[in-house]
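All remarks here apply to the structure that follows.
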Amino acid sequence: MNKTAFVSALAAAGLVATGAMAQSSGSATLAAVQEHGAVKCGVNTGTPGFAAPDADGVWKGFDIDFCRAVAAAVFGDPEKVEYTPLTSATRFTALSSGEIDLLARNTTWTFSRDVDLKLDFVGVNYYDGQGFMVPKDLGVSSAKELEGATVCIETGTTTELNLADFFRINELDYEPVPVESFTEAQNQFLAGACDVYTTDASALAAARSAFETPGDYVVLPEIISKEPLGPLVRHGDSEWADIVRWSFNAMVAAEELGVTSANAAEMAENGTNSPEINRLLGREGELGAMLGLPNDFALNIITKVGNYGESFEANIGESTTIGLARGLNAQWTDGGLIYSPPFR
């Protein structure tokens with residue numbers, strides 16, 4: 001083959017390869033979600049404020065709002081979600097097997113979960129840490145006074161590992177009481193099967209809020225770990241990961257930019273003097289098209305679900321029975337860790 005023919009062959013092969021790549025691009029998960037007609041979202045079996053069915057069986061909560069946000073982005077309808085309650089032991093299998101499209105279940109981002117389990121965390125929607133709750137009449141004021149305690153602990157969690165580390169470092173003995181779910185942990189704790197309940201501090205606040213006599217229980221001051229909680233998807237479909245990631249970022253950016261469920265539609269219709277707000281709401285640019293979504297995907301999230309701050313305050317904020325302050329989960333402009341990459 002002469003040089004000209006060889007170069008032509010390479011060019012042709014390049015074109016074929018480029019065409020093959022173009023044909024293979026796009027999200028298989030998005031296509032499956034659209035064909036199914038709903039986002040299959042894995043959630044907690046029941047944690048007040050984060051994910052729990054109300055008296056009418058309607059799922060509500062901070063994590064539920066995120067599932068609804070993704071549905072609003074994809075379908076323009078936040079109700080197009082199918083919820084699958086999952087225990088700590090079943091959550092990763094359900095995601096890896098394709099039983100669910102997205103896991104939004106107070107899950108800590110760790111190295112092994114990201115790399116070894118081949119899952120992609122799309123962001124941190126709640127910065128948390130592990131704490132301890134005890135009956136007030138146990139008479140302790142510090143976790144370092146828990147020598148010989150029985151401890152209710154969900155198996156298959158980072159909480160279980162952190163507990164072992166804490167007691168080892170402080171040269172304390174303890175007796176674990178294994179449980180499989182948030183509800184079982186509460187029931188065992190209230191029944192006196194264990195002296196201590198340990199889990200993420202946010203979940204302790206949620207549990208205590210549901211007790212008949214919350215004043216009879218004390219959350220000890222120690223926070224013994226970093227627990228960056230966030231939604232996650234499977235490895236291997238970066239386009240779907242982008243959709244889920246930027247659905248979350250839209251909620252965060254909206255709060256920072258002052259875009260709310262009440263004013264977003266007017267801003268989108270009339271425009272603003274902020275190019276980033278205009279891009280966020282789909283008035284300028286083609287950001288939605290880059291995701292394979294309508295250009296108003298973020299507008300649908302904000303108007304139909306709310307921004308990050310609205311969801312936080314409605315579900316777990318200081319005015320709710322959960323009563324959580326923003327703390328680390330405040331916007332970066334208010335001294336917290338929450339912010340979105342730019343919409344540009």
Side-chain angles (χ1 to χ4, degrees), residues 24 26-33 36 38-47 50-51 61-64 66-67 69-71 74 81-130 153-166 168 176 178-185 198-203 224-249 337 341:
S24 67
S27 169
T29 307
L30 175 60
V33 167
H36 184 69
V39 177
K40 293 182 285 187
C41 198
V43 297
N44 202 297
T45 54
T47 300
F50 286 86
F62 186 64
D63 286 334
I64 297 301
F66 183 67
C67 300
V70 175
V74 173
V81 184
E82 293 178 2
Y83 299 103
T84 300
L86 298 167
T87 66
S88 297
T90 61
R91 55 185 164 172
F92 300 128
T93 302
L95 180 59
S96 296
S97 69
E99 179 184 349
I100 57 174
D101 307 309
L102 159 68
L103 182 64
R105 188 203 175 281
N106 56 303
T107 300
T108 302
W109 190 344
T110 70
F111 183 99
S112 59
R113 289 173 176 177
D114 194 331
V115 178
D116 193 41
L117 293 184
K118 303 200 182 313
L119 303 174
D120 283 336
F121 285 79
V122 299
V124 177
N125 71 337
Y126 191 91
Y127 288 93
D128 211 342
Q130 184 173 332
I153 181 83
E154 285 187 61
T155 56
T157 62
T158 56
T159 310
E160 186 178 22
L161 303 176
N162 296 335
L163 177 69
D165 287 349
F166 176 80
R168 179 181 175 183
V179 296
E180 291 191 1
S181 70
F182 179 82
T183 302
E184 184 185 356
T198 182
T199 189
D200 298 338
S202 62
I224 67 168
S225 69
K226 295 182 294 183
E227 304 295 328
L229 309 180
L232 55 158
V233 297
R234 288 179 294 279
H235 268 342
D237 190 338
S238 57
E239 290 84 3
W240 176 246
D242 285 341
I243 288 170
V244 177
R245 178 179 300 110
W246 286 96
S247 293
F248 171 64
N249 288 339
L337 299 178

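No hydrogens, no waters, no symmetry mates; every other heavy atom, side chains included, goes into these values.
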Where Thr183 and Gly46 come nearest, the two heavy atoms and their spacing:
OG1-O, 4.1 Å
Could you tell me the separation between the CD atom of Gln130 and the CD1 atom of Ile153, rounded to the nearest 0.5 Å?
5.5 Å
I need the minimum non-hydrogen distance between Thr198 and Thr159, along with the two atoms involved.
O-CG2, 3.5 Å
Between Arg105 and Pro85, is there a side-chain heavy-atom distance shorter than 4.5 Å?
no
Where is the tightest heavy-atom contact between Thr107 and Arg113, given as atom of each residue plus distance?
CG2-NH1, 3.8 Å
One pair to check against side-chain contact (heavy atoms from CB on, under 4.5 Å): Thr157 and Glu160. What are the steps and the verdict?
CA-CA 5 Å; Thr157 62; Glu160 186 178 22; 3.9 Å; yes
Straight-line distance of Phe50 CZ to Asp200 CG, nearest 0.5 Å:
8.5 Å
Is there a donor-acceptor pair closer than 3.5 Å between any side-chain N or O of Asp101 and the backbone N or O of Lys40?
yes
Residue pair Trp246 / Pro341, side-chain heavy-atom distance below 4.5 Å:
yes
With Leu119, which of Leu103, Asp114, Val233, Leu232 fulfils side chain to side chain contact (heavy atoms under 4.5 Å, CB included)?
Leu232
So does Leu102 get a backbone contact from the side chain of Trp240, meaning a donor-acceptor N/O pair under 3.5 Å?
no
Non-hydrogen atoms of Ser247 and Phe66 that approach each other most closely
C-CE1, 4.4 Å
Describe, in one word, how the ring planes of Trp109 and Phe121 are oriented to each other, choosing from parallel (under 30°), tilted (30 to 60°) and perpendicular (over 60°).
parallel
Can you tell me if Asp237 uses its side chain to pair, donor with acceptor, with the backbone of Thr29 under 3.5 Å?
yes
Should Cys67 and Val39 count as side-chain neighbours, where that means a heavy-atom distance under 4.5 Å?
no
May I ask you to decide if Leu86's main-chain N or O and Thr90's side chain share a donor-acceptor pair within less than 3.5 Å?
no
Please find the pair of heavy atoms, one from Glu99 and one from Thr84, that lie closest to each other, and give the distance.
OE2-CG2, 3.7 Å
Between Arg168 and Asp165, is there a salt bridge with N-O shorter than 4.0 Å?
no
Closest approach of Val122 to Arg245 (non-hydrogen atoms, all atoms of both residues):
O-CG, 3.4 Å
For the side-chain hydrogen bond (donor to acceptor under 3.5 Å, both in side chains) test, which of Thr87, Asp63, Asn106 pairs with Asn44?
Asn106
OG of Ser96 to CZ of Arg234: how many Å apart, nearest 0.5 Å?
8.0 Å
Kindly compute the distance separating CD (Glu227) from OG1 (Thr110), expressed to the nearest 0.5 Å.
9.5 Å
Got a second to check how far Arg91's CZ is from Ile100's CD1, nearest 0.5 Å?
10.5 Å
